[in-house]
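Note that the numbering runs from 1 along the sequence shown for the chain.
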Amino acid sequence: MIQETLRFYLFTFRPQVSEFPLFETFLTILKPQLHDNKTLKQYAWSVENDTPTSISKHIHILMGFEKTKSKNNPVTQFFNSKVFKDFKNMLKNKQTNEPAGFDDRIVADTEEDFLKVLGYVLKETQVIRKCSTFPLERVSQAIDYYYQCDHIDKAQPKKQGWTLVTTKNIHV
């Protein structure tokens, strides 16, 4: 299975609500980079809340890189290409700066976490803009797994928010 030779990362880009046109710029420069990058072996992305008036539009990308002994983060190296460096330099005078707008996390090296993240990335069925290099059966399995886990999590009993007020804790 190809997941055994790959290391996966979840990347999210979320521009500041007042600067959502930056999202389209990011998406425009992202697409060719995904296709042309030699170290990126598999990926899936989708745009959430993709309406013209949405201020919470953002993109999730699951990126699979070959496992190496290097301690360098391949996502950081991916976003160090010239076009992304120029994009980040453009952001220096904007509110969408690197720590706030960019978020990357490593996906735990288990089948469970991989399926959950892949399902999370591609969970919305009404999304117009999305792409995946994973086989359709794998994507379907991941989406089913994500929704089943979400359903199980929501079915767990919630801790009551009630506190019994006594003379000992009334001051709190």
Side-chain angles (χ1 to χ4, degrees), residues 2-3 6-68 70-110 112-134 138-139 142-143 145-147 149-150 153-154:
I2 193 150
Q3 277 75 16
L6 298 180
R7 187 83 194 142
F8 288 95
Y9 296 83
L10 174 64
F11 177 82
T12 303
F13 176 69
R14 185 184 313 265
Q16 177 70 19
V17 294
S18 63
E19 299 173 335
F20 63 90
L22 287 174
F23 180 82
E24 297 303 324
T25 304
F26 178 81
L27 191 59
T28 302
I29 64 174
L30 173 71
K31 289 178 186 178
Q33 296 296 316
L34 289 173
H35 293 292
D36 295 341
N37 192 288
K38 302 293 185 228
T39 61
L40 183 63
K41 300 302 179 193
Q42 281 193 309
Y43 61 88
W45 61 266
S46 71
V47 179
E48 290 188 15
N49 301 323
D50 193 13
T51 62
T53 58
S54 175
I55 60 173
S56 62
K57 188 183 302 189
H58 60 281
I59 186 170
H60 296 294
I61 311 166
L62 177 64
M63 308 168 87
F65 297 93
E66 280 192 32
K67 290 182 181 177
T68 63
S70 173
K71 297 206 186 277
N72 295 337
N73 184 340
V75 175
T76 305
Q77 292 175 340
F78 177 83
F79 287 109
N80 275 340
S81 65
K82 181 179 178 354
V83 69
F84 285 117
K85 282 182 181 178
D86 292 344
F87 181 74
K88 289 178 185 178
N89 283 335
M90 179 185 74
L91 295 179
K92 289 197 190 255
N93 297 325
K94 307 257 185 209
Q95 292 178 338
T96 303
N97 51 21
E98 193 161 351
F102 299 82
D103 180 30
D104 68 276
R105 300 173 188 191
I106 193 165
V107 177
D109 204 9
T110 64
E112 175 186 354
D113 287 331
F114 168 76
L115 287 174
K116 204 170 202 178
V117 173
L118 180 60
Y120 173 73
V121 169
L122 299 172
K123 68 184 175 277
E124 292 190 20
T125 57
Q126 302 301 321
V127 174
I128 297 169
R129 297 189 287 181
K130 66 179 176 180
C131 180
S132 174
T133 61
F134 295 95
R138 192 81 165 135
V139 170
I143 292 171
Y145 186 80
Y146 171 77
Y147 277 118
C149 288
D150 191 42
D153 289 345
K154 288 180 180 175

**Q** Which residues satisfy the side-chain contact (heavy atoms from CB on, under 4.5 Å) test with Glu19, sequence neighbours excluded?
**A** Gln16, Leu22, Lys94, Gln95, Thr96
**Q** Just verifying a value: how many Å separate Tyr43 OH and Leu6 CG, rounded to the nearest 0.5 Å?
**A** 14.0 Å
**Q** Quick one: CD1 on Ile128 to NZ on Lys130, what's the gap to the nearest 0.5 Å?
**A**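 Going from CD1 on Ile128 over to NZ on Lys130, the span is 11.0 Å.
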**Q** Please evaluate residues Asp109 and Lys67 with respect to the criterion side chain to side chain contact (heavy atoms under 4.5 Å, CB included), reporting the C-alpha separation (whole Å), side-chain torsions for both, the decisive distance (0.1 Å), and the verdict.
**A** CA-CA 11 Å; Asp109 204 9; Lys67 290 182 181 177; 2.8 Å; yes
**Q** Who are the ring pair (Phe, Tyr, Trp, His ring centres under 6.0 Å) partners of His58, not counting sequence neighbours?
**A**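 Ring pair (Phe, Tyr, Trp, His ring centres under 6.0 Å) list for His58, sorted by chain: His60.
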**Q** Just verifying a value: how many Å separate Ile106 CD1 and Met63 CE, rounded to the nearest 0.5 Å?
**A** 13.0 Å
**Q** Run the numbers on Leu118 and Phe114 for side chain to side chain contact (heavy atoms under 4.5 Å, CB included), then give the verdict.
**A** CA-CA 6 Å; Leu118 180 60; Phe114 168 76; 3.9 Å; yes
**Q** Could you work out, with salt bridge (Lys or Arg N to Asp or Glu O under 4.0 Å) as the rule, every residue matching Asp86, not counting sequence neighbours?
**A** Lys82
**Q** Taking only residues two or more places apart in sequence or in another chain, which ones pass side-chain contact (heavy atoms from CB on, under 4.5 Å) with Val83?
**A**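 Here the qualifying residues are Ile29, Gln33, Ser81.
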**Q** Any heavy-atom pair between the side chains of Leu122 and Ser132 that's under 4.5 Å?
**A** yes
**Q** Fit a plane to each ring of Phe102 and Phe26, take the angle between them on a 0 to 90° scale, and name the class: parallel (under 30°), tilted (30 to 60°) or perpendicular (over 60°).
**A**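 Aromatic pair Phe102/Phe26 classed perpendicular.
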**Q** Test side chain to side chain contact (heavy atoms under 4.5 Å, CB included) on Tyr146 and Val117 and set out the steps.
**A** CA-CA 8 Å; Tyr146 171 77; Val117 173; over 6 Å; no
**Q** To the nearest 0.5 angstrom, please state how far the CG atom of Leu10 sits from the OH atom of Tyr120.
**A** 7.0 Å
**Q** Identify, with sequence neighbours excluded, every residue that meets side-chain contact (heavy atoms from CB on, under 4.5 Å) alongside Arg129.
**A**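 With neighbours one apart ignored, the set is Phe23, Glu24, Leu27, Trp45, Val47, Asp50, Lys57.
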**Q** Given the ring of Phe8, does Lys41 sit roughly above its face, with NZ or CZ under 6.0 Å from the centre of the six-membered ring and within 45° of the axis?
**A**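 Output no; distance or angle outside limits.
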**Q** Quick one, Arg7 and Glu66 - any side-chain contact, counting heavy atoms below 4.5 Å?
**A**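 When only atoms from C-beta onward are counted, Glu66 and Arg7 do not touch, as no gap falls below 4.5 Å.
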**Q** Just to verify, what does Thr39 make a side-chain contact (heavy atoms from CB on, under 4.5 Å) with, not counting sequence neighbours?
**A** Asn37, Phe65
**Q** Going by heavy atoms in the side chains, are Tyr9 and Asn73 under 4.5 Å from each other?
**A** yes
**Q** Between the main-chain N or O of Lys123 and the side-chain N or O of Tyr147, is there a donor-acceptor pair closer than 3.5 Å?
**A** yes
**Q** Does the pair Arg14/Asp103 count as a salt bridge with the N-to-O cut at 4.0 Å?
**A**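 Salt bridge flag = no for Asp103 with Arg14.
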**Q** So, taking the atom named CG in Leu30 and the one named CD1 in Ile59, what distance separates them when rounded to the nearest 0.5 Å?
**A**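 Answer rounded to 0.5 Å: 5.5 Å.
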**Q** State the CG-OG1 distance between Leu34 and Thr133, to the nearest 0.5 angstrom.
**A** 9.0 Å
**Q** Under the side chain to side chain contact (heavy atoms under 4.5 Å, CB included) criterion, do Tyr145 and Lys116 qualify, and how do the steps go?
**A** CA-CA 6 Å; Tyr145 186 80; Lys116 204 170 202 178; 4.3 Å; yes
**Q** Are any non-hydrogen side-chain atoms of Lys88 and Phe79 less than 4.5 angstrom apart?
**A**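 The answer is yes; the side chains approach within 4.5 Å.
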